[in-house]
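Hydrogens, waters and symmetry mates are skipped; everything else that's a heavy atom, side chains included, is used. Please read all numbers here as calculations on a predicted model, not as lab measurements.
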Amino acid sequence: MGKTSFRTICIRNEQALEYITSLALQEYNTGLKLRTQLTRETANLETFNEAFERISDRYFNGKASNLDISDAQAQLLNAQVNLLDIQLDLIASEVSLDALMGKLLGF
């Protein structure tokens with residue numbers, strides 16, 4: 001009975017390690033995707049910011065309407081929210097990966 005239970009424990013430990021390793025790899029890949037999205041959304045935010053500045057100039061010169069400035073502002077705010085969402089997701093992913101790595105390292 002001692003050998004069987006020891007063997008069973010070893011198999012379960014190995015399965016747990018494989019599972020945690022798989023989760024860590026998934027989380028790492030998620031982080032890579034989020035970093036790519038972060039780069040893209042940062043560029044989008046810059047684009048919407050420039051567009052908002054152009055529309056603002058046109059608005060103050062009487063060449064754009066309230067609707068134009070409102071639309072530009074809404075697009076800029078949406079870009080800011082998207083960027084913050086990705087940053088939050090990235091932080092959560094990094095925390096999860098750190099936790100999983102701690103389990104892998106036995107901490």
* To do: Using modelled atom types only, decide if a donor and an acceptor are shared between the side chain of R35 and the backbone of G31 within a distance under 3.5 Å.
  =>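 Yes; at least one donor-acceptor contact below 3.5 Å.
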* Hey, does the side chain of S96 reach the backbone of A92 with a donor-acceptor pair shorter than 3.5 angstrom? ->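 Judged by distance alone, yes, a pair lies under 3.5 Å.
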Quick check for you: to the nearest 0.5 Å, what is the distance between [X] atom [atom1] and [Y] atom [atom2]?
X	Y	atom1	atom2	answer
N78	L45	CG	CG	11.0 Å
L32	E27	CG	CD	11.0 Å
N29	S93	CG	OG	9.5 Å
S56	E53	OG	CD	7.5 Å
L100	Q26	CG	CD	9.5 Å
E41	T47	CD	OG1	10.0 Å

* To do: Any chance you could lay out the side-chain contact (heavy atoms from CB on, under 4.5 Å) test for L34 and Q37, step after step, and finish with the verdict?
  => CA-CA 5 Å; L34 288 169; Q37 289 177 343; 3.3 Å; yes
* To do: Go through the steps for D85 and V81 under the test side-chain contact (heavy atoms from CB on, under 4.5 Å), then give the verdict.
  => CA-CA 6 Å; D85 282 344; V81 168; 3.8 Å; yes
* **Atom of N66, atom of Y59 and distance for their closest heavy-atom approach** =>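 So the two residues come closest at OD1-OH, 2.8 Å.
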* If you measure only the distance, is there a donor-acceptor pair under 3.5 Å linking the side chains of D68 and S65? ->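 S65 and D68 do have a side-chain donor-acceptor pair below 3.5 Å.
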Would [X] end up clustered with [Y] when hydrophobic side chains under 4.5 Å apart are linked, directly or stepwise?
X	Y	value
L38	L97	no
L90	M101	no
F60	I55	yes

* Between L88 and L84, is a side-chain contact (heavy atoms from CB on, under 4.5 Å) present by the stated rule, with each step listed? -> CA-CA 6 Å; L88 180 61; L84 290 172; over 6 Å; no
* **Single hit among L76, I69, L77 for side-chain contact (heavy atoms from CB on, under 4.5 Å) with Q73** =>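 Filter result, single survivor: L77.
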* Asked: Any side-chain heavy atom of I9 within less than 4.5 Å of one from N13?
  ->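 With C-beta onward as the side chain, the pair touches.
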